[in-house]
Protein chains: 2
Amino acid sequence: MSITIKDVARAANVSYSTVSRALKNSPKISAKTTEKIRRIAKELNYIPNAVARELSSQKTTTVGFIYNIGTHKSNLDPIMEGIEETVAKEGFQLLSFNSRENLKTEHNYLRFLHEKRAEGILIFPVITEEGSNLSYLKSLIKGNIPVVVIDRYFPELDTDYVVSDNFGGAYEATAHLIKLGHRRIGYITGQEYQTSVYDRLEGYKKALEDHRIIYQKELIKKVAPKLPSSIEEGWRATKDLLKERPTAIFTYNEIATVGALKAIREEGINVPEDLAFIGFDEVAVASHIFMPLTVVMQQAYKIGEMGARMIIERVKHLHQKKDCLETRHISVKTKLLVRDSCGAKLKGRMKVNLEGDIDGFNS
Amino acid sequence: MSITIKDVARAANVSYSTVSRALKNSPKISAKTTEKIRRIAKELNYIPNAVARELSSQKTTTVGFIYNIGTHKSNLDPIMEGIEETVAKEGFQLLSFNSRENLKTEHNYLRFLHEKRAEGILIFPVITEEGSNLSYLKSLIKGNIPVVVIDRYFPELDTDYVVSDNFGGAYEATAHLIKLGHRRIGYITGQEYQTSVYDRLEGYKKALEDHRIIYQKELIKKVAPKLPSSIEEGWRATKDLLKERPTAIFTYNEIATVGALKAIREEGINVPEDLAFIGFDEVAVASHIFMPLTVVMQQAYKIGEMGARMIIERVKHLHQKKDCLETRHISVKTKLLVRDSCGAKLKGRMKVNLEGDIDGFNS
DNA sequence: TTAGTGTATGCAAACGTTAGCTCACCATAA
DNA sequence: TTATGGTGAGCTAACGTTTGCATACACTAA
């Protein structure tokens with residue numbers, strides 16, 4: 001087939017173990033020989049066979065990443081970038097696959113990576129009402145293949161994970177609206193079996209509680225998990241919500257944000273004068289053509305970077321056969337990006353109106 | 001390390017070649033033995049070692065896909081889906097990597113796939129002013145690794161490719177605007193060393209020519225290739241263009257569309273009453289919160305599907321050592337999706353006004 | 001001279017499969 | 001009975017590397 005190390009050895013008139021060593025710059029081989037071998041290898045256009053290398057050396061320096069596009073979108077790319085760059089920096093290789101929010105597909109990729117002898121697995125897992133591949137993950141871990149969960153987590157699984165501080169992000173956004181004087185803050189949420197969705201809702205509730213605002217069920221509207229896109233759901237939920245006359249709306253993700261903005265625009269409501277708006281996650285297109293949105297930003301690159309670091313640390317640890325590492329749970333802070341849609345920049349003007357509202361409702 | 005075929009053989013009290021055959025359902029092994037071996041393999045939780053399998057069998061059934069996010073976005077996902085599903089259907093495995101519009105990164109991934117002995121490569125290539133990895137692609141082909149280029153092509157390289165009918169799509173959109181009565185049709189374009197960009201511009205020009213409209217240079221504005229996003233560029237180009245008083249604008253891609261809509265909105269221009277708008281590629285968020293856009297849709301899934309089919313056909317052909325296949329160039333038709341922004345639905349109302357224009361300019 | 005010590009290289013056994021070949025066994029037909 | 005053929009299973013040589021160990025050689029020191 002193609003040129004092997006033996007062909008190079010023959011051409012250089014050395015044994016093939018010498019070629020192998022020269023090509024990886026072993027100090028055992030003299031500079032002269034090394035240089036000659038490298039030159040000949042290049043002349044022959046020798047491409048090492050990674051398959052043979054992996055089999056022989058019993059290591060693949062490969063980590064797998066299974067992600068999941070379905071609900072969530074724009075964050076993924078910087079997460080991947082963070083992972084790719086970190087993994088490369090550590091001299092590892094990354095194999096990534098999109099499970100498309102499908103349990104069976106995810107299972108197939110896990111199996112694939114297992115057969116390929118990936119040394120560690122990063123996963124942004126599928127978690128649906130029907131379940132998850134938790135048991136497969138457990139079997140990987142039992143078989144000494146470390147797993148780091150990204151962006152979601154399994155409360156039942158004692159493994160490393162890195163997520164955004166969803167609770168804190170939602171808390172901060174809600175508190176921000178409260179500080180601007182809002183008391184009737186609507187929240188568009190999703191399916192609570194997703195840990196991130198659950199945690200955001202809790203953050204919202206806690207912010208209300210800490211500011212002595214009574215949580216009102218009718219100000220929470222839930223979107224159904226309709227795939228591929230539930231923009232229509234976000235739109236419907238917002239239409240419903242608007243009947244409750246909130247003075248502010250907070251949406252739990254990008255899709256909901258788009259649906260909400262559509263509804264708001266249809267109703268002819270002015271943002272932020274008549275309604276303050278904050279979304280979880282930036283929607284760049286909307287910020288450009290609708291108005292600069294106040295959003296909770298996730299540090300997606302950092303999430304990827306931390307996840308990659310964790311998995312590689314574990315893999316290296318395993319190579320050295322040291323004692324087991326502690327499990328680590330990392331929560332990456334979010335940032336509230338205050339722009340136009342929340343009305344903070346109009347605060348002076350709005351205060352009166354809102355405080356009037358407050359008096360009417362609260363005192 | 002982990003459980004091997006020999007462990008299974010021992011447990012089943014057969015030779016390990018028998019295990020190997022039983023596990024791939026060879027007809028040489030009796031049903032009873034096969035069943036027993038499968039049961040034992042499952043009990044031991046045996047996971048075949050793909051690395052060893054590939055080395056021994058001298059085939060990887062793997063194809064690589066190197067894509068490229070940088071300019072272009074929403075199309076990629078359906079392209080990947082088309083590739084993934086087709087590749088899986090054919091019993092192959094897909095390894096995909098994002099070159100991020102970076103020549104060096106692309107080169108690294110090409111090398112990686114080469115070392116991993118991928119049997120074929122699909123590539124949505126980086127082509128910049130500084131060049132491309134054309135020579136690497138050539139060396140792959142010379143080494144009997146087929147290459148199929150996706151979404152772009154190299155005029156200098158005689159290889160399979162599959163692209164959208166960019167010329168036709170731009171032609172159809174332009175002709176549509178002309179049929180609606182427009183004569184001053186502005187066009188936002190990009191860097192012409194991209195074949196798709198060049199072809200779209202040519203489609204626009206040809207439509208004008210065929211309808212006897214004189215091509216006016218000042219109605220073409222070009223965005224600079226500023227990364228990561230050139231929304232600002234699209235915005236600036238559109239601002240410039242609007243000074244020329246076009247009655248319609250056509251944008252060459254998503255990013256330009258967003259920039260254009262931002263500019264249009266800022267200027268307080270009503271679409272479609274005062275300005276008809278068509279974009280190349282759908283921008284879902286804009287269609288929801290701005291207005292349903294008339295767009296040239298690419299059949300992205302199909303592009304992926306065709307590309308995957310072509311590469312796998314070549315790989316299989318090579319397995320059978322038949323004579324060489326002809327190179328094939330596939331151009332996948334686009335579809336003009338007529339919605340609100342082009343004004344077709346208002347045609348009755350606009351006709352008079354526009355035809356007045358036409359008389360003024362043309363007769 | 002001889003032993004000792006590096007240094008540079010070669011030898012050969014792994015790594016976990018696949019697959020071509022051989023072989024044992026049994027049933028059938030002559 | 002013997003030849004014939006088919007079936008089911010085992011033996012073993014690959015596949016292209018890596019790597020521990022052996023070895024050859026040239027020094028230096030005793």
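Keep in mind that this is a model prediction, so the values were computed, not measured. Reminder, nothing fancy here: chain letters follow the sequence lines and each chain counts from 1.
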*Between Ala52(B) and Lys59(A), just flag the one whose closest nucleotide in DNA chain D comes earlier from the 5' side.*
Ala52(B)
*OP1, OP2 of dG10(C) versus side-chain N and O of Ser15(A): anything below 4.0 Å?*
yes
_If I take atom CD in residue Gln58(A) and atom C1' in nucleotide dG20(D), what distance separates them, rounded to the nearest angstrom?_
15 Å
*Within this structure, what is the NZ-to-P distance between Lys36(B) and dG8(D), rounded to whole angstrom?*
15 Å
_Distance check needed: dC11(D) P versus Tyr16(B) OH, whole Å only._
9 Å
*asked:* Without decimals, in angstroms, what is the distance between Leu55(B) CG and dG16(C) P?
replied: 12 Å
*Ignoring hydrogens and angles, answer whether the base of dT18(D) and the side-chain atoms of Ser57(A) contain a donor-acceptor pair closer than 3.5 Å.*
no
*If a pair satisfies salt bridge (charged side-chain N to carboxylate O under 4.0 Å, His left out) and one of its residues is in residues 16-39 of chain B, list it, with sequence neighbours excluded.*
Arg39(B)-Glu43(B)
*asked:* Classify the ring geometry of Tyr136(A) against His114(A): parallel below 30°, tilted from 30° to 60°, perpendicular beyond 60°.
replied: perpendicular
_Base, sugar-phosphate or nothing for Val14(A)? Non-hydrogen atoms, less than 4.0 Å._
sugar-phosphate
*What's the NZ-P distance between Lys6(A) and dT18(D), to the nearest Å?*
13 Å
*asked:* Both Tyr46(A) and Thr34(B) contact DNA chain D. Which one's nearest nucleotide lies toward the 5' end?
replied: Thr34(B)
*Has the side chain of Ser17(A) got a donor or acceptor that lies under 3.5 Å from a partner of the other kind on the base of dC11(C)?*
yes
*Hey, what's the ring geometry for Phe92(B) with His319(B), parallel, tilted or perpendicular (30° and 60° as the breaks)?*
parallel
*Round to a whole Å and report the spacing from CD1 of Ile5(B) to C1' of dC11(D).*
15 Å
*Let me know, please, whether Asn49(B) or Ala31(A) comes out on the 5' side of the other along DNA chain C by nearest nucleotide.*
Ala31(A)
*Please determine if a side-chain N or O atom of Ser30(A) lies less than 4.0 Å away from the OP1 or OP2 oxygen of dT9(C).*
yes
*Could you tell me if the ring centre of Phe112(A) sits under 6.0 Å from that of Phe97(A)?*
yes
*Of all the choices, dG10(C), dT18(D), dT17(C), which nucleotide is nearest to the side chain of Ser20(A) once you look at every atom?*
dT18(D)
_Nucleotide dT18(D), atom P - distance to CG of Leu23(A) in whole Å_ = 8 Å
*asked:* Expressed as a whole number of angstroms, how long is the span from Ile3(B):CD1 to dT17(C):C1'?
replied: 16 Å
_All ring-ring contact (aromatic ring centres under 6.0 Å, His included) counterparts of Phe65(A), not counting sequence neighbours_ = Tyr67(A)
*Kindly say if Thr18(B) contacts the phosphate of dA9(D), meaning a side-chain N or O under 4.0 Å from OP1 or OP2.*
no
_Please tell me if Lys28(A) has a side-chain N or O lying less than 4.0 Å from either OP1 or OP2 of dT9(C)._
no
_With hydrogens left out and only the distance checked, is there a donor-acceptor pair under 3.5 Å joining Arg21(B)'s side chain and the base of dG8(D)?_
no
